[in-house]
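A short write-up of the structure that comes next.
Heavy atoms only: backbone and side chains are in, while hydrogens, waters and symmetry mates are out.
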There are 2 protein chains.
Amino acid sequence: MDAVDEILAQWNRERPDLDVGPMGLIGRLGRIVHFLTREMDKTFAEYGLTGASFDVLATLRRSGAPYSLSPGDLLSTMMITSGTLTNRIDQLEKARLVTRSHNPDDRRSVSVLLTPRGLATIEAAVTAHVATQKRLIALLSPDEQAALDPLLRSFLAGIAARASG
Amino acid sequence: MDAVDEILAQWNRERPDLDVGPMGLIGRLGRIVHFLTREMDKTFAEYGLTGASFDVLATLRRSGAPYSLSPGDLLSTMMITSGTLTNRIDQLEKARLVTRSHNPDDRRSVSVLLTPRGLATIEAAVTAHVATQKRLIALLSPDEQAALDPLLRSFLAGIAARASG
DNA sequence: TCCGGGTATCTTGATATCAAGATAAATCGC
DNA sequence: GCGATTTATCTTGATATCAAGATACCCGGA
């Protein structure tokens, strides 16, 4: 009888006509992700980052040398709007973790490049982040983790199929 | 090879020292919840609500007649700060979906009460919401849903134990 | 050449959120 | 009783986000 079960019990009492089975699954998913996000944010904060700024730096870092992508490239892999990305890059530029430079061949487009300081920050932060994720996922046994993985893949595949179809 | 696998492949190339197994699980969880949230928000919007305002109305509704709780009661079941809750109640009051009244016995405390209009709104919205959740969860087969449930329970139990211990 | 349409990025205005602290009222210890 | 502490809620100031539209530039066709 966890916190989600208590909510479902209330609905059962008040609205017995509702089938709240799906609400249990989705509610638990939401709470789990909420907790994981909060814990991971603590690690980011140790490096002066937020989840948002980490995402940008990590996307640049994992794209490989020279650690440079256009805002458009970043947008395509990060589920945010263009205005949000402009703001994130502004903040990172102020913190001297990235620089913007204009492409002389197409002056509409911009390159966002990790500075040496930005590279050092993300190298350290991602190492700590992976350690945090390892610690968090250890709340499940290895068997449970192995059982969960294909279910999440299937769920996400269903979503991808829906989004494109 | 889904979008999360592509991210993991990039990290494997750039930082083969990192164990990104946990990142796969956590990344998929995050994406699934992000998608589910966006879809559920569409249903809320049909009733003039957001996820935030739905949460307040639903908490009042499932508490049972007379559909009245103090901000403190609401806070204890909704993972938000007191300032956020004040703002949510302000918005709902403007929309005439709830009213505030002061308790004569303890003038610090306040009762937030569903108006008839608020009750009618949440009755309809929660019915539609449950239908949306049923549709979304159908991306998994019944067997997959049955397999997922105990894993999420176990994960959330681990979190609850950690949070309290 | 020049215009229309498309592309890449940024700006604007409105909201929602949080952290920290303010306010007001109740209660506790003496 | 009376000051100090605790409790319940709200306020303030900063930030992040989004939707919609503005800006600046490129390109293809007449």
Strictly below 4.0 Å, heavy-atom distances to any atom of DNA chain D: list the hits from residues 87-101 of chain B, or just say none. B:Arg100
Could you tell me the separation between the CZ atom of B:Arg107 and the P atom of C:dA26, rounded to a whole number of Å? 7 Å
Determine the contact category for A:Thr81: base if any of its heavy atoms lies under 4.0 Å from a base atom, sugar-phosphate if only primed atoms, P, OP1 or OP2 are that close, otherwise nothing. base
Residue whose closest nucleotide on DNA chain D lies nearer the 5' end, B:Asp73 versus A:Ser82: B:Asp73
Describe, in one word, how the ring planes of B:Phe44 and B:Phe54 are oriented to each other, choosing from parallel (under 30°), tilted (30 to 60°) and perpendicular (over 60°). parallel
Are there more than 12 heavy atoms of other residues, nucleotides or ligands under 6.0 Å from atom CZ of A:Arg135? yes
Closest to side chain of A:Arg108, choosing from D:dC25, C:dC10, D:dT17: D:dC25
Check this for me: does the side-chain of A:Thr84 come within 3.5 Å of the base of D:dC18 through a donor and an acceptor? no
Write down the distance between CD1 (B:Ile80) and P (C:dT15), rounded to a whole number of angstrom. 18 Å
Closest-nucleotide 5' rank along DNA chain C - winner of A:His34 and A:Gly83: A:Gly83
Out of D:dC18, D:dT11, C:dC10, minimum distance to the side chain of B:Thr86 belongs to D:dT11
Can you check the B:Phe54 CZ to C:dA16 P distance for me, whole Å? 17 Å
Return the 5'-most residue of the pair A:Pro71, B:Pro104 with respect to DNA chain C, ranking by each residue's nearest nucleotide. A:Pro71
Which of C:dA25, D:dT9, D:dG21 is nearest the side chain of B:Asp106? It is C:dA25
Atom-to-atom span, CG of B:Asp41 to C1' of D:dC18 - whole angstrom: 12 Å
Any side-chain donor paired with an acceptor under 3.5 Å for A:Asn87 and A:Gln91? yes
Taking the basic N atoms (NZ, or NE/NH1/NH2) and the acidic carboxylate oxygens, is any pair closer than 4.0 Å for A:Arg153 and A:Asp149? yes
Which part of the nucleic acid, if any, lies within contact of B:Leu85, taking any heavy atom under 4.0 Å across all strands shown: a base, the sugar-phosphate backbone alone, or nothing? nothing
Using a heavy-atom cut-off of 4.0 Å across all strands, would you classify A:Ser70 as base, sugar-phosphate, or nothing? sugar-phosphate
Under 4.0 Å, heavy atoms only, any strand: does B:Gly72 hit a base, just the sugar-phosphate, or nothing? sugar-phosphate
Could you state the NE2-P distance from A:His102 to C:dT7, rounded to the nearest angstrom? 21 Å
Judged by modelled atom types alone, do B:Asp73 and B:Ser70 share a side-chain donor-acceptor pair under 3.5 Å? yes
Can B:Asp2 and B:Arg31 be counted as an ion pair, charged N to O under 4.0 angstrom? no
For A:Arg100, is the CZ atom crowded, meaning more than 12 foreign heavy atoms sit under 6.0 Å from it? yes
side-chain contact (heavy atoms from CB on, under 4.5 Å) test vs B:Thr121 passes for just one of B:Leu92, B:Val126, B:Leu114, B:Leu49, namely B:Leu49
In this structure, how many angstroms lie between the C1' atom of D:dA19 and the CZ atom of B:Arg38, rounded? 15 Å
May I ask you to say what B:Asp105 touches in the nucleic acid, namely base, sugar-phosphate or nothing, with a heavy-atom cut-off under 4.0 Å? sugar-phosphate
Rounded to whole Å, please give me the gap between CG in A:Leu75 and C1' in C:dC10. 12 Å
